[in-house]
Student: 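One structure follows; several queries about it will come next.
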Amino acid sequence: MVALALVTGTVLAQGMLPKLAVKSTYRVGFAQTESNNPWRLAQTKSMQDEAKRLGYQLVYTDAAGSTAKQVADVRSMIAQKVDAIFLSPREDKPLAPVVKEARDAGIPVILLDRNIDPALSKAGADYVTFIGSDFILEGQRVANWLIKNNAGKKNIIELEGTTGASPANDRKKGFDDTIKKAGGFKILASQSGNFARDTGRQVAETLLQAHPDANVIYAHNDEMAIGAISALEAAGKKPGKDVLVLSIDGEREGVQNVADGKINYDVECNPRFGPAAFRTLQGYAKGTKYPAKIINADRDYTLATAKSGLAGSY
Ligand code: GYE
């Protein structure tokens, strides 16, 4: 009985990654977190385009901003016995159990764009690898730009991403640690705008009223930065001039705002995962060993580079 189960690969010892057979086609799950911004849409399109190009079937789900739905989506992929699962975990803790459930069901998981708390899930044991950006570095890059170019503006409002999402945790850590070490800056307030434009606008409006001396806004993504620009303009302040606006993502509208002088600095976070995701899947089937993290290279945008960068943005 045990021997049979091992042969079919359905029962695995704790800490063992399931194998993936080398096949000419696969049926692969992609559990997306939400579809409310250009970053997400570009990521989904890149995954769908690459699956199509390879002739693979993509079982796509959209959790629509609900962590509970994403847990259910992954469970449904396990029940459908997909060959492998690409997962962009909305939050870094609640998705850890289903990563193990997939592993125990013999389905390898590759994490895309957001990570799971390393205390709860291990690369090489629970999932194959994480592919995405270095979010701590993104926050550090924004802080380092501000340290060099602040022109005396040092009172910061921070708009955080979705609470519990790894890019929100790390973009905060990278920025806050670097800015504190530099000295002379004040983070007046730091609050979640849920990576969303309208929430970002509302939170910025409230925080600008509470802190009229704020002269820097650091948003963890472009959608919230664009929301904050609306809040600044409604308050009669010039974004990019009276108040510096710093952001991450490099979506087209964000890059346009850099070109227009309303966002001063924007670090790209590349959403085009398709080619790297499927290459890793194929490599894994052939026995390639991967590191815990595969890091995407990201560019950045300033007034000097935004116009020429527009065409390549998403
Ligand atoms: O910055 C944001 C998206 O997880 C890196 O999530 C991603 C972030 C991205 O919704 O716009």
Side-chain angles (χ1 to χ4, degrees), residues 30-47 61-67 69-70 86-95 110-117 129-142 158-175 192-201 203-204 217-229 245-258 263 265-274 276-277 293-301 313-314:
F30 172 40
Q32 179 59 285
T33 63
E34 56 201 348
S35 298
N36 62 343
N37 71 37
W39 195 100
R40 292 282 147 206
L41 298 178
Q43 187 195 30
T44 298
K45 183 171 184 318
S46 175
M47 293 296 289
T61 55
D62 175 0
S66 158
T67 300
K69 177 169 186 313
Q70 195 175 36
F86 291 117
L87 168 64
S88 292
R90 183 170 182 275
E91 292 177 63
D92 74 341
K93 290 183 178 70
L95 272 300
I110 295 174
L111 298 181
L112 292 187
D113 107 67
R114 290 188 188 175
N115 217 332
I116 300 267
D117 183 337
T129 183
F130 160 84
I131 308 174
S133 291
D134 182 337
F135 305 122
I136 293 197
L137 182 66
E138 290 175 342
Q140 288 169 341
R141 288 173 77 180
V142 174
E158 182 167 351
L159 299 176
E160 301 169 18
T162 298
T163 305
S166 67
N169 298 340
D170 291 356
R171 285 171 184 172
K172 179 164 180 62
K173 186 172 171 36
F175 179 85
S192 176
N194 199 25
F195 279 136
R197 185 179 299 205
D198 204 50
T199 314
R201 183 187 59 75
V203 173
I217 292 185
Y218 163 44
H220 288 187
N221 80 347
D222 283 354
E223 286 294 298
M224 295 189 296
I226 294 165
I229 287 171
V245 180
L246 317 173
S247 181
I248 297 171
D249 262 6
E251 67 171 60
R252 182 145 318 155
E253 207 179 328
V255 181
Q256 183 62 57
N257 272 291
V258 180
I263 293 179
Y265 184 60
D266 198 2
V267 176
E268 182 195 45
C269 180
N270 199 331
R272 297 177 179 116
F273 281 78
K293 292 182 180 181
I294 299 173
I295 299 299
N296 295 335
D298 293 320
R299 51 170 297 171
D300 60 12
Y301 300 95
S313 64
Y314 52 91

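One-based numbering, in listed order, for ligands and for the atoms of each. These numbers were taken from a predicted model, which means no experiment stands behind them.
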Student: Considering only heavy atoms of C269, which atoms of ligand 1 have at least one such atom less than 4.0 Å away?
Tutor: 5 (C)
Student: Without hydrogens or angle criteria, can the side chains of R114 and S166 be said to hold a donor-acceptor pair below 3.5 Å?
Tutor: no
Student: Test Q32 against every option in T61, D62, D113, T44 by the side chain to side chain donor-acceptor pair (under 3.5 Å) rule and name the one that passes.
Tutor: T44
Student: Considering only non-hydrogen protein atoms, determine which one is nearest to atom 3 (C) of ligand 1 and report residue, atom name and distance to 0.1 Å.
Tutor: R40 NH2, 3.4 Å
Student: Side chains of E158 and H220: do they bring a donor and an acceptor to under 3.5 Å?
Tutor: yes
Student: Could you identify the single nearest non-hydrogen protein atom to atom 10 (O) of ligand 1 and state the distance to 0.1 Å?
Tutor: N37 ND2, 3.1 Å
Student: N/O of W39 under 3.5 Å from N/O of ligand 1, yes or no?
Tutor: no
Student: If the contact criterion is a heavy-atom separation under 4.0 Å, does M224 count as touching ligand 1?
Tutor: no
Student: Atoms of ligand 1 less than 4.0 Å from R114 heavy atoms?
Tutor: 3 (C), 4 (O), 6 (O), 8 (C), 10 (O)
Student: Between S133 and E138, is any pair of side-chain heavy atoms under 4.5 Å apart?
Tutor: yes
Student: Tell me whether D170 is salt-bridged to K173, with the criterion being a basic N under 4.0 Å from an acidic carboxylate O.
Tutor: no
Student: Do R299 and E268 meet the salt-bridge criterion of a basic N to acidic O distance under 4.0 Å?
Tutor: no
Student: Among all the protein's non-hydrogen atoms, which is closest to atom 11 (O) of ligand 1, and how far away is it?
Tutor: D249 OD2, 2.6 Å
Student: Counting non-hydrogen protein atoms only, what is the nearest one to atom 4 (O) of ligand 1? Give residue, atom name and distance.
Tutor: D113 OD1, 2.5 Å
Student: Heavy-atom contact check, 4.0 Å cutoff: does I248 meet ligand 1?
Tutor: no
Student: Under 4.0 Å between a side-chain nitrogen and a carboxylate oxygen: does that hold for R40 and E223?
Tutor: no
Student: Output the list of atoms in ligand 1 that are nearer than 4.0 Å to some heavy atom of P167, sorted by atom number.
Tutor: 4 (O)
